[in-house]
A.B. asks: 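Have a look at the structure that comes next, please.
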Amino acid sequence: MNIKDQYRILEFGDLGDERGNLVVVEGEQDIPFEIKRVFYIYGSDSEVVRGQHANRNSEFVLINVSGTSKVRVDNGFEEAVIELNRPRMGLYLPTMLWKDMYEFSEDSVLLVLTNTHYDGTEYIRSYDEYLKEVGGTGAK
Ligand code: TYD
């Protein structure tokens, strides 16, 4: 499958007024799943690479509510790089997509929403194992 048909860029509305911005994301409305867990990543510098895994059950929406970062997605055949650089932009990632997050700006706060409670056993942390599972030949 074409990787551009697997991830999705979401654009959230702004309910802000003269007092400032207000962005609302509701599960099963703005976010294509019921939100069960929220975590956020900050204080990762520009040299750090996070992620480096695929998830069997978790879907994600990533939002850089402050600052910027890059996400590299890989489906075992091809890759794409998405820059998260606006608080109203979300990146939807389905299950079983390999992902790396990197080039975090100093002020980066990366908010992550997901449809699952944490379960370490649903993570695939070996790229070789990931390729085997998806029958991929490698994107790099
Ligand atoms: P890790 O998956 O390496 O983070 P990232 O995907 O951002 O690189 O997670 C780091 C540690 O935190 C690891 O020991 C698992 C733990 N963790 C939880 O306990 N619950 C969670 O929801 C997450 C995302 C991680």
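Counting begins at 1 with the first residue of the sequence. Whatever order the structure lists them in is the order used to number ligands and atoms, beginning at 1.
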A.B. asks: More than 12 non-hydrogen atoms from neighbouring residues, nucleotides or ligands closer than 6.0 Å to CD on Glu83, yes or no?
C.D. replies: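 Atom CD in Glu83 is crowded, with more than 12 foreign heavy atoms closer than 6.0 Å.
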
A.B. asks: Less than 4.0 Å between a side-chain N and a carboxylate O, is that true for Arg56 and Glu129?
C.D. replies: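 Looking at Glu129 and Arg56, the cut-off is met.
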
A.B. asks: I need the atoms of ligand 1 closer than 4.0 Å to a non-hydrogen atom of Gly51, numbered in the order shown.
C.D. replies: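 The list of qualifying atoms is 5 (P), 6 (O), 8 (O).
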
A.B. asks: Between ligand 1 and His117, can you find any atom pair, the residue atom being a heavy atom, that is separated by under 4.0 Å?
C.D. replies: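 No.
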
A.B. asks: Considering heavy atoms of the protein only, find what lies nearest to atom 10 (C) of ligand 1 and give residue, atom and distance to 0.1 Å.
C.D. replies: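 Its nearest protein heavy-atom neighbour is Arg50 NH2, 4.5 Å.
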
A.B. asks: For the residue pair Tyr130 and Trp98, categorise the inter-ring angle as parallel (less than 30°), tilted (30 to 60°) or perpendicular (more than 60°).
C.D. replies: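 Tilted, since the angle between the ring planes falls between 30° and 60°.
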
A.B. asks: For ligand 1, which part of Val112 has a heavy atom less than 4.0 Å away: the side chain, the backbone, both, or neither?
C.D. replies: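 It is neither part, as no heavy atom is under 4.0 Å.
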
A.B. asks: Could you check Arg72, Lys70, His53, Arg50 and say which one makes a side-chain hydrogen bond (donor to acceptor under 3.5 Å, both in side chains) with Asp100?
C.D. replies: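 Option passing the side-chain hydrogen bond (donor to acceptor under 3.5 Å, both in side chains) with Asp100: Arg72.
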
A.B. asks: Could you tell me, atom by atom, which parts of ligand 1 come under 4.0 Å of a heavy atom of His53?
C.D. replies: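 With His53 as reference, the close atoms of ligand 1 come out as 2 (O), 6 (O).
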
A.B. asks: Counting heavy atoms only, which of Arg37, Arg125, Lys99, Gln52 comes nearest to atom 3 (O) of ligand 1?
C.D. replies: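 Heavy atom nearest to atom 3 (O) of ligand 1 belongs to Arg125.
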
A.B. asks: Which atoms from ligand 1 have a heavy atom of Ile41 less than 4.0 Å away?
C.D. replies: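 Contacts of ligand 1 toward Ile41, numbered from 1: 7 (O).
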
A.B. asks: Do Val73 and Leu93 come within less than 4.5 Å of each other through their side chains, counting heavy atoms only?
C.D. replies: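 Val73 reaches Leu93 side chain to side chain.
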
A.B. asks: Looking only at protein heavy atoms, which one is nearest to atom 25 (C) of ligand 1, and what is the separation?
C.D. replies: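 Its nearest protein heavy-atom neighbour is Tyr118 CE1, 3.8 Å.
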
A.B. asks: Is the distance between the ring centroids of Tyr123 and Tyr118 less than 6.0 Å?
C.D. replies: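 Yes, ring centres under 6.0 Å apart.
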
A.B. asks: Could you check whether atom 12 (O) of ligand 1 has a protein contact, counting only heavy atoms that fall below 4.0 angstrom?
C.D. replies: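 For atom 12 (O) of ligand 1 the answer is no, since every protein heavy atom stays at 4.0 Å or beyond.
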
A.B. asks: List for me each residue that meets side chain to side chain contact (heavy atoms under 4.5 Å, CB included) alongside Glu11, sequence neighbours excluded, and say none if there are none.
C.D. replies: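 Partners of Glu11 under the side chain to side chain contact (heavy atoms under 4.5 Å, CB included) test: Arg86, Arg88.
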
